[in-house]
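For reference, the structure discussed in these notes is given below.
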Amino acid sequence: MSDLYPAKANAAHAPRSRRLSYISPAASSAAAPNPSYRRRKGTSPPPPSAAATATVLTSPPKPVEQQETEEHLVDTSTNNVSATRVTTARTSRPSDAPRSSRPRRRPTASLQAAFCNALEEAINTFVDPPVLRPSVDPRHVLSANFAPVDELPPTPCPVVRGVIPRCLAGGAYIRNGPNPQHLPRGPHHLFDGDGMLHSLLLPTAPDSDPVLCSRYVQTYKYIVERNAGEPVLPNVFSGFHGLAGMARGAVTAARVLTGQMNPMEGVGLANTSLAVFGGRLYALGESDLPYAVRVDPATGEVTTLGRCDFGGRLSMGMTAHPKKDPITGELFAFRYGPMPPFVTYFRFDPAGNKGADVPIFSVKQPSFLHDFAVTEHYAIFPEIQIVMNPMGMVVGGGSPVGADPGMVPRLGVIPKYAADESEMRWFEVPGFNMMHSVNAWEEAGGEEIVMVAPNILSIEHTLERMELIHASVELVRINLRTGNVTRTPLAAANLDFGVINPGCLGRRNRYGYFGVGDPMPKIGGVAKLDFDRAGHGDCTVARRDFGPGCFAGEPFFVPDDVEGNGDEDDGYVVCYVHDEGTGDNRFVVMDAQAPELDIVAEVQLPSRVPYGFHGLFVTQAELRSQHQ
């Protein structure tokens, strides 16, 4: 097995200082009795050392005690970097000491860094002050439960209601989301925050407590800015707008030329989702390679192993929504970007080995291709009205990413095991803008493809005014023989972040569980839809609202493979819930078959979990089989 290859450290970095805090985490309630286990349904730093660097994994790493890593030691007096081959254990985790007991000193910036910082300050003050664009004003974007929190070492949490279902025992629910490490200098979009994983390890014994741990994904960007003690890399979603965007681009170029950052080491945030495949857990963000992470099945500690290029076969980036075939164990994925080919499709075998790229040149222009769908034999790619237009920033003074109302959305269908795009077929679907897919399958002997996905009706608000988004879940039917496409609305409510029983992915299924926007991206409840009722009115068959001032994120379905009867919806829906009135934070477990999605267990969390993006439940067997 290969060694860990560290990303090159920034020559201008000084020792890291503590980041600025926006608000203190909300206090949680006092202790409650220890959990017991449900038997039958119906019963009611100091941080890593200054020499620490991001790592790139090319194949499963050696055990920690045997790893050889090349550490870049930063000489802060001369700003030179010396590379030394050493044998060392993995980077230590941040200190468990209280925040107030740790030093708060800001490192001295180099002359080059100070010059770039001054230029950015001038741009943010005189050219593009955030106050002129409320959707990217940090005072608005990072308010209330969108405000970032500090890392939390593994901390016991009491079960305060009900009992933990046995099918969850020993597993971990992990939610990814943005959590900026430093106070932004200028505009800041919700998507611009550093990735933080909030992992709740559920116990195997009835007299033990769940354990919550919140840790940053130690991306190259995170490490560069941790060592600098301030923002260095640009905010992609909010910073490149009109004249100010071009000016910030020039500052970024100056930082690269003076050695403050190296975009070849990755500029991603790993803040969007997670995936388990090939014996490893990954934190994902589509603008970069996956970052391998590990949750200790005994302590609950979360560790970043490194940036993974799969033996040099993966470059640039990978979708944050890969699809794992529950039958074969294969993983299907893609990347997209502003240069042809705008989309590249690929897959991994069950062991995590990446196959050949399949470039898709028939994509007309680069669009915001956030998700896709797979069936047993096909992959389906959306082409939506959110497009990339870098020249629009230069010529029109706008954003490099925005809505194109004149574009006709399309769906592209390609055989799942295609070696090239020769069999790719495109179908126009006017007015259908899919950001997330729920599931897809084949019917009529493979002659028809059926897909369930929320349609963003107000696509122009996707990046600027998310609270105005309305998503309508639709069932789309594509006839591969005739080319006809039909669409059937499934519900009137504002629903997104849909999930299904993961064992049904790519095969026909009946039920989906969706977050109720109140407004988006805050989730005020969970709705269960019955796809078999399509065409017969609203398909909502169960719903739970969390109550006034209580909001969650994406729900996740966990099948009951211990006491269940094998029905598709026999299992539990889980998520984190925050009470904005009291500051209370809980992990909630709901009965997925109950007409009102009854809560069967709640865990009191010791710290606030900000609203985020996508989560995952990792089983005890998956945790124990993780590569070191």
Might you point out which heavy atoms bring I174 and S199 nearest each other, and give the distance in Å?
CG1-OG, 3.8 Å
Measure the CZ-SG distance between F556 and C575 for me, rounded to the nearest 0.5 Å.
12.5 Å
Just checking Y576 against F551, ring centres under 6.0 Å apart?
no
Please find out if less than 6.0 Å separates the ring center of Y291 from that of Y282.
no
Would you name the heavy atoms of L490 and A534 that are closest together and state the gap between them?
CD2-CB, 3.6 Å
Please check if atom CD in E580 has more than 12 non-hydrogen atoms from other residues, nucleotides or ligands closer than 6.0 Å.
yes
Examine R410 relative to W426 and say whether NZ or CZ is less than 6.0 Å from the centre of the six-membered ring and inside a 45° cone about the ring axis.
yes
Spacing of CD1 belonging to I414 relative to OG belonging to S362, to within rounding of 0.5 Å
7.5 Å
Distance-only check: which donor-acceptor pairs under 3.5 Å involve side-chain atoms of residues 338-348, not counting sequence neighbours?
{"residue": "Y345", "atom": "OH", "partner": "K416", "partner atom": "O", "Å": "2.7"}

To the nearest 0.5 angstrom, please state how far the CE atom of M451 sits from the CZ atom of F432.
4.0 Å
Would you confirm whether D567, through its side chain, and D569, through its main-chain N or O, come within 3.5 Å as a donor-acceptor pair?
no
Distance (rounded to the nearest 0.5 Å) between E602 CD and I164 CD1
10.0 Å
Minimal heavy-atom distance between T488 and G535, with the atoms involved, is CG2-N, 3.5 Å
D561: what forms a side-chain hydrogen bond (donor to acceptor under 3.5 Å, both in side chains) with it, not counting sequence neighbours?
none
Keeping the roles fixed (side chain from S437, backbone from N439), state whether a donor-acceptor pair exists under 3.5 Å.
no
Just how far is it from atom NE2 of H370 to atom NE2 of H436, taken to the nearest 0.5 Å?
3.5 Å
In short, R335 meets S315 closest at the heavy-atom pair CD-O, 3.5 Å
Ring centroids only, cut at 6.0 angstrom: are H461 and H470 within range, meaning strictly under it?
no
Please give me the minimum heavy-atom distance between L369 and Y336, naming the atom from each residue.
O-CE2, 3.1 Å
Do other residues, nucleotides or ligands put more than 12 heavy atoms under 6.0 Å from the CD atom of E447?
yes
Backbone N or O of R510 within a donor-acceptor pair of the D532 side chain at under 3.5 Å?
no
Would you confirm whether the ring centroid of F617 sits within less than 6.0 angstrom of the ring centroid of Y173?
no
